Amino acid sequence: MTATSRTKARRVPMPEQPPEQRVGNFREVPLGYTLEQAQAEAARCLGCKKAPCREGCPVSVDIPAFVRLIADGRPAEAAACIRQTNCLPAVCGRVCPQETQCEARCVLQRRGESVAIGRLERFAADFEQAADQVYLPTTAASTGKRVAVVGAGPAGLTVAGDLALRGHEVTVFEAFHKAGGVLVYGIPEFRLPKRIVQSEVEYLERLGVRIELNQVVGQSVSVSDLLDSEGYDAVFIGVGAGLPVTMGIPGENLCGIYLANEYLTRVNLMRAYDFPAVDTPVVRGSRVCVIGGGNVAMDAARTARRLGGEQVNVLYRRTMDELPARAEEVHHAQEEGIDFRTLCAPIEYLGDDRGFVRQVRCQVMELGEPDKSGRRRPVPKPGEQILIDADLVIVAIGSGANPLLTRKTPKVALGRYGHIVANEAGATSLPGVWAGGDIVTGSATVILAMGAGRAAAQDIHAYLMEHSNRGAGDTAQPEPAAESAAA
Amino acid sequence: MNAILRKNELAPQIFEFLVSAPQIARKAQPGQFVIVMADEAAERIPLTIADFDREAGTITLVMMVVGASSWKIAQLGTDESLFAVIGPLGHASPVSAGGTVVMVAGGVGTAPVFPIARAFHDQGCKVFTIQGARTGSLLFWSDRLRSVSDELIVTTDDGTAGRKGLVTHPLRELLEQDTARDIRCVYAIGPTPMMRFCALTTQPFAVPTTVSLNSIMVDGTGMCGGCRVEVGGQTRFTCVDGPEFDGHQVDWETLMARQKTYHSHEQCSLQRVPLTAGN
Ligand SMILES: Cc1cc2nc3c(=O)[nH]c(=O)nc-3n(C[C@H](O)[C@H](O)[C@H](O)COP(=O)(O)OP(=O)(O)OC[C@H]3O[C@@H](n4cnc5c(N)ncnc54)[C@H](O)[C@@H]3O)c2cc1C
Ligand code: SF4
Ligand code: FES
């Protein structure tokens, strides 16, 4: 392809399950590129020297290099190339907001459509797994140092992988009976199949990471136990945000009203969509109201639609322009027949005599002056209320910091809202303890949690090596593992 | 996986399990609970820790078969394993020395009451315990309760053992006789209606009354909000804010309605149960 034909070529469209079909199943919506499609898409890349796309990536994946490898028909090598800086490529290729990160910076974006970097990342990772060609880097020689990672979400898994590569002995403690964090309990199967998370976790186990499930740190063992009696040299805390916010309005505890975390956990982790073949039930509603406008709300609405929701409304207190969810998710939701009722805020839930929700009373809003975030603040329109019928309500208005572990770890300093205070490298106020991901930043993204994990792993490694070669004089840290991984 | 070292049927449909769980045993305190999964496809259900042995690394769980999930656990026998046991969860009972305490144990509530009564007893408190059941054959652990109580009063609804009547009758008598106001608190643990009526009984006497709520749970770590209850007009999470709450502040109507959320699902699961059992 010549340079002009490259810039003129359109993005290769992603094959998808048609909406009328997919609302009846939980299978993945985008089906993934074929090799031919991926090569055609990869051929659009200009291979820019400065590669602005890379700067948009929180973990600096070498985008032009891996895209080139796909164009050349070497997808397994492309995957290995991504893995140098991103240990969850099949996940990130599916759930990262590329449109605001790498793809937003792509030079082709200004001339039309950016290279479909996310789709290509997914293609390379899926190819590698399907072909069973997952590249396993050699880990560095054992350092004899032991690291405890608390929480098996993207932050914790990244730390675990990075430190195992550098020769440390890593144990991950996870409260749930499955590793993956939000990737297994929050994000639905139709967006991120569980087997993908499972194989990423298995990859880490092959690197030598040990995962101890069903361990609620702070309850069964404390952070200070880990450092003292359990003999770990360092601890990383990546427990996620995980404290759902309630609105405190009348009727919010009626049956059939879920906080999004519970609804999604029942359906995803506990597979309630398969009830009674599995034991965990979930309330199915035909008239559903989802409160909130973020990605979690989109996931909840699309899940409820698949579980028999005939009329699924997303109630959002601002307008479509302020909707925080990714454009792609909103688009998919709309295709699936989900209605958006904007400028609408619930103020009360009304139930029947058995205590089940029947209606949502909403206050009609209008946009007023901009608030601190720069978005125009919704204010109530006096005297305008509406009633919406609902037999299932899912509240997705955000998460705070879960205090379960932090209240048992008083030496780790917290911010005003209970999040852990950590520096750029993830170090907390307690020596030997690092933290990263949503428990530090508040609800953010998979890739930011991974980026935080990566930074912390680097710092933990430096700390561990300094503590073992004290006086060796060399402060620059050689990184044999990282290099052998790149080779 | 946690091995079941011993299982026995304490009363019809009430089972005691001795479970290997060294880490939980090491930290467990009276009043705390665990989340149990029978197998990979099972529900996550909360069970109170009825006893623990730190040296042996074991905990004791007592469970009544009430639905498909507890039925499934009851099918497991000695030398089999539970897929997951997670804990200890929730706050420990705030046990301190001095005064008189009244422990009221209704039905299977005997199990969680026992370690709390023992802790008060070990602190030198005077412990009155009232144990109630529908009928005599459903009583268990009366000897254990007696061993940690200054006095044990047994009641049955049908009079087949102990006094005939409800636990609230002796409870009211104890409070009425307590003119010196030695009774500093009442603990009531058992079926929700029983806890509610105990709280109603103690209210006029203004004696602090603690109940241990059995909400439906999923994670047990404060992440999902499924266990929310209303206490003192506020939404609280049973798993991390409780499981013990001030019985005079609990919104019982909401709790009982929420406990029936999956009533219709339960019928559906139960239909499946004998089929599985036949295979
Ligand atoms: C429904 C939903 C959809 C989302 N969609 C997207 C998306 O499309 N793209 C995107 O980039 N981001 C998305 N996010 C956000 C993203 O998932 C999070 O930012 C990310 O998972 C944070 O990673 P983490 O490792 O910090 O925490 P988590 O993923 O929350 O993992 C924390 C882990 O720690 C465990 N844990 C908690 N407490 C303890 C304890 N005391 N002891 C042991 N283990 C403990 C938890 O069980 C959990 O497994 C979504 C979030 C939700 C809820
Ligand atoms: S900016 Fe776009 S065209 Fe340039 S290297 Fe990155 S992906 Fe390719
Ligand atoms: S059981 Fe999930 S928050 Fe309590």
Side-chain angles (χ1 to χ4, degrees), chain A residues 175-178 185-186 212-216 218-222 225 239-248 251-266 269-272 274-284 351 353-356 395 399 402-405 407, chain B residues 1-2 21 23-24 26-28 32 35 37-45 67-69 72 83-90 217-230 234-235 237 239-240 251 253-266 268-272:
Chain A
F176 266 128
H177 57 280
K178 253 194 206 121
Y185 77 69
E212 280 212 32
L213 300 171
N214 305 318
Q215 289 278 358
V216 184
Q219 299 290 119
S220 61
V221 61
S222 69
D225 290 342
V239 293
L243 180 81
V245 175
T246 59
M247 294 174 83
E252 70 180 4
N253 297 323
L254 288 164
C255 303
I257 302 182
Y258 286 103
L259 303 181
N261 277 359
E262 182 189 4
Y263 184 72
L264 292 172
T265 302
R266 283 181 177 272
L269 180 72
M270 308 309 292
R271 295 176 293 162
D274 217 4
F275 180 89
V278 299
D279 301 346
T280 302
V282 71
V283 172
R284 295 184 180 224
D353 52 1
R354 294 177 313 138
F356 275 77
V395 182
S399 275
N402 189 319
L404 193 65
L405 177 140
R407 76 184 178 200
Chain B
M1 295 290 246
N2 298 72
Q23 261 177 323
I24 300 174
R26 202 158 65 199
K27 294 270 166 149
Q32 291 190 298
I35 295 265
M37 284 179 83
D39 59 40
E40 214 261 323
E43 245 184 311
R44 294 168 63 99
I45 64 164
S69 288
K72 200 174 200 181
F83 175 70
V85 182
I86 301 122
L89 300 170
M217 296 192 186
V218 183
D219 59 308
T221 64
M223 186 280 285
C224 79
C227 62
R228 54 198 204 281
V229 286
E230 276 175 45
Q234 286 198 322
T235 295
F237 290 3
C239 67
V240 286
D251 178 340
E253 295 290 342
T254 304
L255 175 66
M256 289 200 271
R258 286 185 68 79
Q259 284 170 335
K260 293 200 191 106
T261 301
Y262 302 106
H263 205 72
S264 54
H265 295 84
E266 188 68 12
C268 168
S269 306
L270 282 172
Q271 275 174 5
R272 184 177 49 114

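Below, chain A is the first sequence line, B the second, and so on; all start at residue 1. These figures come from a predicted structure and were not determined experimentally.
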Any luck finding a side-chain donor-acceptor pair between B:Arg44 and A:His177 under 3.5 Å?
yes
Heaviest contributor of heavy-atom pairs below 4.5 Å to chain A, chosen from B:Arg228, B:Gln23, B:Arg26, B:Arg258, is B:Arg228
Based on non-hydrogen pairs under 4.5 Å, which of A:Thr246, A:Val282, A:Leu243 is most in contact with chain B?
A:Val282
Against chain A, work out which of B:Gly225, B:Pro88, B:Gly90 has the most heavy-atom pairs shorter than 4.5 Å and name it.
B:Pro88
What's the spacing between B:Glu43 CD and A:Phe275 CZ if we round to 0.5 Å?
8.0 Å
Contacting region of A:Phe356 [heavy-atom separation from chain B under 4.5 Å]
side chain
What part of A:Asn253 lies closer than 4.5 angstrom to a heavy atom of chain B: side chain, backbone, both or neither?
both
Heavy-atom pair of closest approach, residues B:Met223 and A:Pro244
O-CD, 3.1 Å
Sequence neighbours excluded, which residues qualify as salt bridge (Lys or Arg N to Asp or Glu O under 4.0 Å) partners of B:Glu40?
A:Lys178, A:Arg271
Return the option, out of A:Asn261, A:Leu254, A:Val221, with the maximum number of heavy-atom pairs under 4.5 Å with chain B.
A:Asn261
Heavy-atom distances under 4.5 Å only: say whether A:Leu404 touches chain B with side chain, backbone, both or neither.
side chain
So, the part of A:Glu252 with a heavy atom under 4.5 Å from chain B: the answer is both
Answer with side chain, backbone, both or neither: which region of B:Ile24 has an atom nearer than 4.5 Å to a non-hydrogen atom of chain A?
neither
Proximity breakdown for A:Thr265 and chain B, heavy-atom pairs closer than 4.5 Å:
side chain
Could you check A:Asn214 against B:Met37 for side chain to side chain contact (heavy atoms under 4.5 Å, CB included), going step by step and ending with a plain yes or no?
CA-CA 10 Å; A:Asn214 305 318; B:Met37 284 179 83; 5.8 Å; no
Those residues that, when tested against B:Asp219, pass side-chain hydrogen bond (donor to acceptor under 3.5 Å, both in side chains) (two or more places apart):
B:Thr221
What part of A:Val395 lies closer than 4.5 angstrom to a heavy atom of chain B: side chain, backbone, both or neither?
neither
Verdict with supporting geometry, B:Phe237 and A:Leu259, side chain to side chain contact (heavy atoms under 4.5 Å, CB included):
CA-CA 12 Å; B:Phe237 290 3; A:Leu259 303 181; 4.1 Å; yes
Okay, A:Asp353 and chain B: the region with an atom under 4.5 Å from a heavy atom over there is neither
Roughly how far apart are B:Tyr262 OH and A:Asp279 CG, rounded to 0.5 Å?
13.5 Å
Heavy-atom closest pair, residues B:Thr261 and A:Cys255
OG1-SG, 3.3 Å
Checking A:Ile257 against chain B: side chain, backbone, both or neither under 4.5 Å from a heavy atom?
both
